[in-house]
Amino acid sequence: MDKPVKIVFMGTPEFAVPYLRSLTADKYFEVKAVITQPDKPAGRKQIITPPPVKIVAQENNLLILQPEKLKDNEEFLLKLKEIKPDLLVVVAYGQIIPRSILALAKLGNINVHPSLLPKYRGASPIQNAILNNEKSTGLTIMLMDEKMDHGPILAQQEIALNGTENNESLHQKMSDKKSTDFLIETIKKFIAGEIKPQPQDDDKATYCKLIKKEEAKIDWQKPVEIISAQIRAFYPWPVAWTTLNSKRAKIFPPVKITGGTDEPGKISAQDDKLIVAGQDKMLEILELQIEGKNKVKAKDFILGNHISGQYFK
RNA sequence: CGCGGGGUAGAGCAGUAGCAGCUCGCCAGGCCCAUAACCUGGAGGUCGUGGGUGCGAAUCCCACCUCCGCAA
């Protein structure tokens, strides 16, 4: 390659940041523009906050575009055309990308999706792989077409799960050095013509929707494996919760599954340990937070509250 | 002006006008083959900050700082 490959990068959350960093660090590429979601109000005070990708793009003095919408946005489309990108790389952008934009890049449009497609197409592949207690999941690098997570696959990398991962740790794992290297190597091989894109088997496709907060309420009538999966899948957002004396109690990972049974939801403080019964076994909680209070370790919680024999509902 | 709950010993909490407490931890000593067990004693607090009311304020009033739950 005599000239660097001109890339337009689209991405928004923390997950996309390592990918952007690795692309900007590689001389083979030149990131001509970063497209990310507009700054949005966040937190209790609703302070306008830039997305993580924007912050990193600013640090690297990259051109940043934050269109409200992509569809029928002539002004935005013109700017992209001026750039004449060779490649569009999309990592967790957060919006459907219309055909008019997919038509721009000369070499193609590449997407990183954190599941082994065609399984878990859609918005929350990592959470759902954990929720369903999958034995493994992975990363897929694919070419985009106009259907969601539907395009032909360039390469996949499997990641084994052992039942202790939470949403945050898996996100980190899927954007670590190995993962970003995987993207870069795949792009290079693809441009060199060494990869033949493989169409997905649509019959095997499964879909996952955006996580809703209601799904994070714990039902103690369920088996503890399911409750444990919920607690891990919903950390750090929206965080699995239950109630104690009509107050909301967030339950944080990790939790330990232990033997024995009791009435579902019943709490017992055994020494320093906070044990709650599920449908079939017991769950040891290590960290929790009552509304209005800070997060505390189970041991500290037991000391200040005599709760043995009460129920989570 | 979105709604709401907190800030008290190193930790977690109780105390809502009248001597600042509980559990754990910590220090010293005792018991014991021994211990995270048990017994005895001890240290450790400007009760978030500033002002106000009262004979008297952790407690009531006002302002501010700060942490957090909901909502978005």
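Quick note: numbers below take in every heavy atom, side chains included, and nothing from hydrogens, waters or symmetry partners. Protein chains get the first letters and strands the later ones, always in sequence-line order, with residue 1 at the start of each.
- Looking at residues two or more places apart in sequence or on another chain, you find a side chain to side chain contact (heavy atoms under 4.5 Å, CB included) between Ile184(A) and Ser22(A), Leu23(A), Asp26(A), Phe29(A), Lys188(A).
- Side-chain atoms of Thr36(A) and Gln66(A) include no donor-acceptor pair closer than 3.5 Å.
- Between A71(B) and Lys213(A), a contact under 4.0 Å exists linking OP1 or OP2 to a side-chain N or O.
- Nucleotides U46(B) and G6(B) have their P atoms positioned 23 Å apart, rounded to a whole Å.
- Grouped with Ile307(A) in one hydrophobic cluster are Ile218(A), Trp220(A), Val224(A), Ile227(A), Ile231(A), Leu244(A), Ile251(A), Val255(A), Ile257(A), Ile267(A), Leu274(A), Val276(A), Leu283(A), Ile285(A), Leu288(A), Ile290(A), Val296(A), Phe301(A), Ile302(A), Phe312(A), the linkage being side-chain heavy-atom contacts under 4.5 Å among Ile, Leu, Val, Met, Phe, Trp and Tyr residues.
- Put simply, Lys250(A) has a side-chain N or O that comes within less than 4.0 Å of OP1 or OP2 on G69(B).
- Within the shown strands, G30(B) is the pairing partner of C38(B) under the Watson-Crick or G-U definition, both distances less than 3.5 Å.
- Look at the C1' atom in both C47(B) and C22(B): the space between them is 16 Å, to the nearest Å.
- Remark: A11(B) base-pairs with U23(B); criterion is Watson-Crick or G-U wobble with both hydrogen-bond distances under 3.5 Å.
- Partner Ile187(A) forms a side chain to side chain contact (heavy atoms under 4.5 Å, CB included) with one of Leu154(A), Leu107(A), Val89(A), Ile195(A) and no other, that one being Val89(A).
- Nucleotide U49(B) is matched to A63(B) when pairs are restricted to Watson-Crick or G-U wobble geometry with both distances under 3.5 angstrom.
- Here Leu117(A) is tied into one hydrophobic group with Met142(A), Ile153(A), each link being a pair of ILVMFWY side chains closer than 4.5 Å.
- Going from the C1' atom of G10(B) to that of U35(B) covers 24 Å, rounded to whole Å.
- Pair assignment for G18(B) gives C55(B), based on Watson-Crick or G-U wobble hydrogen-bonding distances that are each under 3.5 Å.
- Each of Val296(A) and Lys299(A) was assigned the nucleotide of RNA chain B with the nearest heavy atom; the assignment lying further toward the 5' end belongs to Val296(A).
- Here, U49(B) and C67(B) have their C1' atoms 15 Å apart, quoted to the whole Å.
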Distance-only check: which donor-acceptor pairs under 3.5 Å involve side-chain atoms of residues 92-102 of chain A, not counting sequence neighbours?
unit_1   : atom_1 : unit_2   : atom_2 : d
Gln95(A) : NE2    : Gln37(A) : OE1    : 3.2
Gln95(A) : NE2    : Glu68(A) : O      : 3.4

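- Between C31(B) and G41(B), the distance separating the two C1' atoms is 15 Å to the nearest Å.
- Rounded to whole Å, the separation between the P atoms of U59(B) and G18(B) comes to 11 Å.
- Partners of Lys204(A) by side chain to side chain contact (heavy atoms under 4.5 Å, CB included), not counting sequence neighbours, listed by chain and number: Pro118(A), Asp201(A).
- Side chain of Ser115(A) to main chain of Lys119(A): a donor-acceptor pair is present (N/O by atom type, distance under 3.5 Å, no hydrogens or angles).
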> What is the per-nucleotide protein-contact pattern of nucleotides 1-10 of chain B, from the 5' end, where B denotes a base atom under 4.0 Å from a protein heavy atom, S denotes such proximity for sugar-phosphate atoms only, and - denotes neither?
Replying inline: -B--BS----
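- Of the listed nucleotides (C67(B), C24(B), C70(B)), C67(B) has the atom at the smallest distance from the side chain of Asn294(A).
- Annotation: C24(B) and A37(B) have their C1' atoms spaced 15 Å apart (nearest Å).
- Rounded to an integer number of Å, the gap from Ile307(A) CD1 to U23(B) P is 18 Å.
- Using atom P as the reference point in both C64(B) and G2(B), the two lie 14 Å apart (nearest Å).
- Pairing of G69(B), defined by two Watson-Crick or G-U wobble distances under 3.5 Å, is identified with C3(B).
- In textbook terms, a nucleotide whose glycosidic angle is within 90° of 0 is syn, and G54(B) is one such case.
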